[in-house]
**Student:** 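First the structure, which I've put down as structure tokens, then a few questions once you've had a look.
Atoms considered below: every heavy atom in the structure, side chains included; atoms not considered: hydrogens, waters and symmetry mates. Convention: sequence-line order gives letters A, B, ...; per-chain numbering from 1.
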Amino acid sequence: MEITDEMRRHSAAHLTARAVCNLFPGTQTDIGPATDDGFYYDFDLEHRLAPEDFPALEKEIARLIALDEPFVRAEMSRPDVAARLAGQKYKLERLADIPEGETISTYEVGDYFEMCRGPHVEHSAQIGAVKLMKVAGSYYRGDENNKMLQRVYGIVGKDQAELDAYVARLEEAKKRDHRRLGVELDLFHLDPEDPGQIFWHPKGWTIYVALQDYMRAKLIKDGYQEVNTPAIMPRSLWERSGHWDHYKANMFVTESEKRVFAVKPMNCPGALEIFKSRMRSYKDLPLRLAEFGHCARNEPSGTLHGIMRVRGFVQDDAHIICTEEQIEEEVAKFCRLLKDVYKDFGFDKNLLVKLSTMPEDHVGDEATWQHAEAALAAACKASGMDYEIQPGEGAFYGPKLEFTLIDALGRPWQCGTIQLDYQLPSAERLNAEYIGPDSQKHHPVMLHRAVLGSLERFIGILIEHYAGSFPLWLSPEQVRILPITDKQVPYAQKIRDALAARGLRVEIDASADKLGAKIRNGTVAKVPYLLVAGGRDEAAGVVSVRQRGAGDLGAMKLEDFIAKVDEDLKNKQ
RNA sequence: GCCGGUAUAGCGUAGUGGUAGCGCAGCGGUUUUGUAAACCGCUGGUCGGGGGUUCGAAUCCCUCUGCCGGCUCCA
């Protein structure tokens, strides 16, 4: 039998549970699966587990591995399993979940018994080396109304060397963390006094604007019209839209002269207000209204994360108001746009596509839902993207496609999305109408969609994706000119003016530093091109080009450098 | 919001009950330099806020806030 990583991780989880039970008698165990990069196990015990407990636990795990006992699989009857699990209340509840008639398998290693589907390693020494990483709270069955258990996370290596290599990789990944690079590269800061709100510094805002301009050009090419709607809108509107009932806890509410207003958490009502501002014909559909709308959501404090999850952010939002027949083509059109955009950033294998289907709590009849889900699926397939289905994870008003990107530490973030909405334009909500070919009034369907998701989150992903070394077109400082002595500063200014006239973002390092230090500073700042301008260069009318990652390219004429830069910009390098 | 951890200068950190240190950055000066760090000097901290224990608290306790790791939720 081939021993897989998953088997070793899952088996390590069992031994971790055994170790915790050995060291802390009376521990209640829940479940402990393998994950993409290790495993976890959930426990309920009096003692608060802490990293200080890890050395003792790891020692015990190592001891159990060294015993090299076999993992013995058995199939047992329900009462027999229940008898063996006596006193383990979570295990017994899990046992009760298993449908009648299904085979119940168990694994036993030494004196440790567990109900488990497996598969496992044959004997414990095959696990390798185990390291515990962190302990965190986790609701039983993932339900916030349940008791919070203690979850221990661990990683597994075939041997100590592989484990060490994995830990080293994690350390490297941490260096890409956007929270760290954001400060190091002077892109933005977050003020503890105003949690979840971003202060964009000149360099970060340059990236932001470059990304927004890029997206704007794509939208206009794709038949969108850009609009802008108020940041603060009245309670009455939010009541009609349904947000007051369903989303109030996440809204910042304010007041003026006894009237209540809320800062918008979403842009959709604004778009529909524009649609409704005059009589519309079926000939106006699909109407694609794009908005870089700034939204404020009062997210729970524990969910905030750098610039990925904040309370103030801008979506590259758009609302497509169309007929039901137009849904499929509009979704397909969106998928093509998204794919085209993501390709420019090299997102491919770290992209997950999910189709979230009808939840239990939903509006609308089932046939409509099925039609809508099929339309999303077909459009997704038509653009050549594979998706996985998340049953019951759709919004109450419609199904959605979610496009999730992975950050430096392997955490998923939903970025792009397209959601079908029959509800908001309906008579019960904002009552949007158009005149059909039959001269009668009809309610349109609305698609909420974003390609990047939020600019803030997407830039966070980009910082980690590029490890701060942005491609030329996004780099806040594209070229830095390094005069070797004060004498070349006028020459440097001449070059700077010539490049700036072409729209490039250029700075001069006129400090008293030596060339070596200027190069180091430019390298640390991850500037794509450093142009050395010394006496020799000035005499020859050239610049000595140093490219990020490639090093010294030697001297070249300014027009040759410009041609090179144009090439990079064209290729989004 | 929940569970756990944590908080020392802009950033990285030392300091376990007895006068808050170091590196980098910043600022001033000297140096005018050819491909990853010149030299000298200076500034900067009511040790996250509040309360308590103590003759004395960065250090021990309580509490609030932020942050970190997860969970729930989400762009």
Side-chain angles (χ1 to χ4, degrees), chain A residues 40 42 44 48-52 133-153 174 177 179-180 183-184 186 189-196 247 249-250 265-267 293 295 297-317 393 395 402-405 409 411-417 419 448-458 460-461 482-489 510-524 530-537 544-546 551-555:
Chain A
Y40 66 79
D42 286 348
D44 187 10
R48 298 285 98 179
L49 290 168
E52 292 80 73
M133 299 298 285
K134 55 201 175 194
V135 56
S138 167
Y139 297 112
Y140 175 54
R141 292 178 184 276
D143 185 336
E144 62 182 327
N145 299 310
N146 287 344
K147 181 166 187 183
M148 187 157 264
L149 307 180
Q150 301 189 64
R151 175 171 294 180
V152 174
Y153 286 85
K174 276 188 195 161
D177 192 316
R179 292 167 295 189
R180 173 178 174 151
V183 172
E184 278 176 15
D186 195 22
H189 82 266
L190 297 154
D191 182 357
E193 225 183 312
D194 195 10
Y247 209 72
N250 283 297
M266 297 179 195
N267 304 304
C295 296
R297 296 183 186 173
N298 193 10
E299 301 287 354
S301 56
T303 65
L304 302 178
H305 183 94
I307 64 170
M308 303 279 214
R309 180 81 181 264
V310 290
R311 288 183 176 150
F313 59 97
V314 173
Q315 295 173 308
D316 66 318
D317 208 359
E393 293 294 312
E402 287 173 27
F403 301 87
T404 297
L405 293 168
L409 289 169
R411 291 176 289 219
W413 294 96
Q414 187 191 312
C415 292
T417 182
Q419 314 188 1
H448 308 247
R449 42 108 293 170
V451 176
L452 308 177
S454 83
L455 284 127
E456 289 75 8
R457 177 175 290 181
F458 199 79
I461 292 280
L482 315 180
I484 291 176
T485 74
D486 290 352
K487 287 198 191 71
Q488 292 91 41
V489 169
S511 69
D513 285 332
K514 291 170 71 173
L515 182 62
K518 291 186 182 188
I519 286 173
R520 182 183 153 78
N521 291 337
T523 305
V524 169
L530 302 177
L531 301 185
V532 176
R536 296 206 297 265
D537 300 292
S544 293
V545 179
R546 197 184 161 92
D552 190 356
L553 302 184

**Student:** Taking the C1' atom in each of B:U65 and B:A25, what is the distance between them to the nearest angstrom?
**Tutor:**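 Comparing C1' positions in B:U65 and B:A25 gives a spacing of 28 Å.
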
**Student:** Where does the chain A footprint on RNA chain B start and end, counting 5' to 3' with a 4.0 Å heavy-atom cut-off?
**Tutor:**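 It runs B:G1 to B:A75.
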
**Student:** Got a donor-acceptor contact below 3.5 angstrom from the A:Asp537 side chain to the A:Gly534 backbone?
**Tutor:**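 Checked: pair present.
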
**Student:** With a 3.5 Å distance limit and no angle check, can you tell me whether A:Arg151 reaches the backbone of A:Ala136 through a side-chain donor-acceptor pair?
**Tutor:**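 No; zero donor-acceptor contacts below 3.5 Å.
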
**Student:** How long is the straight-line distance from CD of A:Gln315 back to NE2 of A:His448, given to the nearest 0.5 Å?
**Tutor:**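 One gets 10.5 Å once the value is rounded to the nearest 0.5 Å.
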
**Student:** Within 45° of the axis and under 6.0 Å from the centre of the six-membered ring of A:Tyr153, does NZ or CZ of A:Lys134 qualify?
**Tutor:**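 Because its charged atom sits under 6.0 Å from the ring centre and within 45° of the axis, A:Lys134 does stack over A:Tyr153.
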
**Student:** When the C1' atoms of B:U72 and B:G1 are compared, how many Å lie between them, rounded to an integer?
**Tutor:**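 Per the computed distance, 8 Å lies between those C1' atoms.
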
**Student:** Both A:Ser301 and A:Gln414 contact RNA chain B. Taking the nearest nucleotide for each, which residue is further toward the 5' end?
**Tutor:**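 The residue whose closest nucleotide sits nearer the 5' end is A:Ser301.
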
**Student:** Want to settle it: does A:Thr485 or A:Tyr247 sit nearer the 5' end of RNA chain B, counting the closest nucleotide to each?
**Tutor:**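 So the residue in question is A:Thr485.
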
**Student:** For a quick check of understanding: with a heavy-atom distance under 4.0 Å over all strands, which category does A:Tyr153 fall into, base, sugar-phosphate or nothing?
**Tutor:**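 The answer is sugar-phosphate, as A:Tyr153 gets under 4.0 Å only of primed atoms, P, OP1 or OP2.
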
**Student:** Determine the contact category for A:Val310: base if any of its heavy atoms lies under 4.0 Å from a base atom, sugar-phosphate if only primed atoms, P, OP1 or OP2 are that close, otherwise nothing.
**Tutor:**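 Base contact.
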
**Student:** Is there a side-chain contact between A:Leu405 and A:Phe458 in this structure, where contact means two heavy atoms from C-beta onward sitting under 4.5 Å apart?
**Tutor:**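 The answer is yes, as the side chains (C-beta and beyond) meet within the 4.5 Å cut-off.
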
**Student:** Base, sugar-phosphate, or nothing for A:Arg411, non-hydrogen atoms under 4.0 angstrom?
**Tutor:**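 Here A:Arg411 touches the backbone only, sparing every base.
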
**Student:** Pull out every residue in residues 140-149 of chain A that has a heavy atom closer than 4.0 Å to any atom of RNA chain B, ordered by number, or say none.
**Tutor:**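 Within residues 140-149 of chain A, the residues near RNA chain B are A:Gly142, A:Glu144, A:Met148.
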
**Student:** Within the 4.0 Å heavy-atom criterion, would you say A:Pro300 contacts the bases, only the backbone, or no part of the nucleic acid?
**Tutor:**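 Base contact - A:Pro300 has a heavy atom under 4.0 Å of at least one base atom.
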
**Student:** Within the side chain of A:Asp44, is there an N or O that forms a donor-acceptor pair under 3.5 Å with the backbone of A:Gln150?
**Tutor:**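 No, A:Asp44 side chain to A:Gln150 backbone: no donor-acceptor pair under 3.5 Å.
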
**Student:** Categorize A:Arg546 for me: base, sugar-phosphate, or nothing, with a 4.0 angstrom heavy-atom threshold over every strand shown.
**Tutor:**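 Here A:Arg546 touches the bases of the nucleic acid.
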
**Student:** On a whole-Å scale, what distance lies between the C1' atoms belonging to B:G45 and B:U19?
**Tutor:**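 Per the computed distance, 15 Å lies between those C1' atoms.
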
**Student:** Taking the same atom, C1', in B:G50 and in B:A36, what whole-Å distance lies between them?
**Tutor:**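 So the two C1' atoms sit 48 Å from each other.
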
**Student:** How long is the straight-line distance from CG of A:Asp486 back to CD of A:Gln488, given to the nearest 0.5 Å?
**Tutor:**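 Reported value, rounded in 0.5 Å steps: 8.5 Å.
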
**Student:** If the threshold is 4.0 Å, N to carboxylate O, is there a salt bridge linking A:Arg179 and A:Asp177?
**Tutor:**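 Answer for the salt bridge query: yes.
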
**Student:** Provide the distance between the two P atoms, one in B:U33 and one in B:C27, to the nearest whole Å.
**Tutor:**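 23 Å, rounded to whole Å.
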
**Student:** To the nearest 0.5 Å, what is the distance between CD1 on A:Ile519 and NZ on A:Lys514?
**Tutor:**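 Reported to 0.5 Å precision, the distance equals 12.0 Å.
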
**Student:** Which is true for A:Ala512 with a 4.0 Å heavy-atom rule: it touches a base, it touches only sugar-phosphate, or it touches nothing?
**Tutor:**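 Since a base atom lies under 4.0 Å of A:Ala512, the category is base.
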
**Student:** What contact category does A:Arg309 fall into here, base, sugar-phosphate, or nothing, at under 4.0 angstrom with non-hydrogen atoms?
**Tutor:**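 Base, at least one base atom sits under 4.0 Å.
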
**Student:** So what does A:Arg536 hit on the nucleic acid, given a heavy-atom distance under 4.0 Å: a base, only sugar-phosphate, or nothing?
**Tutor:**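 Base contact.
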
**Student:** Taking the C1' atom of each, how far is B:G23 from B:A37, in whole Å?
**Tutor:**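 Result for the C1' pair: 13 Å, nearest Å.
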
**Student:** Name the nucleic acid region contacted by A:Ala450, choosing base, sugar-phosphate or nothing; use a 4.0 angstrom heavy-atom cut-off, strictly under.
**Tutor:**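 Nothing, no nucleic acid heavy atom in range.
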
**Student:** With a non-hydrogen cut-off below 4.0 angstrom, is A:Gly534 in contact with a base, only sugar-phosphate, or nothing?
**Tutor:**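 Base contact.
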
**Student:** Determine the contact category for A:Gly453: base if any of its heavy atoms lies under 4.0 Å from a base atom, sugar-phosphate if only primed atoms, P, OP1 or OP2 are that close, otherwise nothing.
**Tutor:**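 Sugar-phosphate only.
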
**Student:** Would you classify A:Gly551 as touching base, sugar-phosphate or nothing, given that sugar-phosphate means primed atoms plus P, OP1 and OP2, and contacts are heavy atoms under 4.0 Å?
**Tutor:**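 Nothing: the residue A:Gly551, judged by heavy atoms under 4.0 Å, touches no strand.
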
**Student:** Answer with base, sugar-phosphate or nothing: what part of the nucleic acid does A:Met133 contact at a heavy-atom distance below 4.0 Å?
**Tutor:**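 Here A:Met133 touches no strand at all.
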
**Student:** Write down the distance separating the P atoms in B:U59 and B:G17, rounded off to the nearest Å.
**Tutor:**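 Result for the P pair: 11 Å, nearest Å.
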
**Student:** Does A:His189 reach a base, just sugar-phosphate, or nothing at all? Heavy atoms under 4.0 Å.
**Tutor:**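 Nothing, no heavy atom under 4.0 Å.
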
**Student:** Using the C1' atom on both, measure B:C71 against B:A14 and round to a whole Å.
**Tutor:**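 35 Å, rounded to whole Å.
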
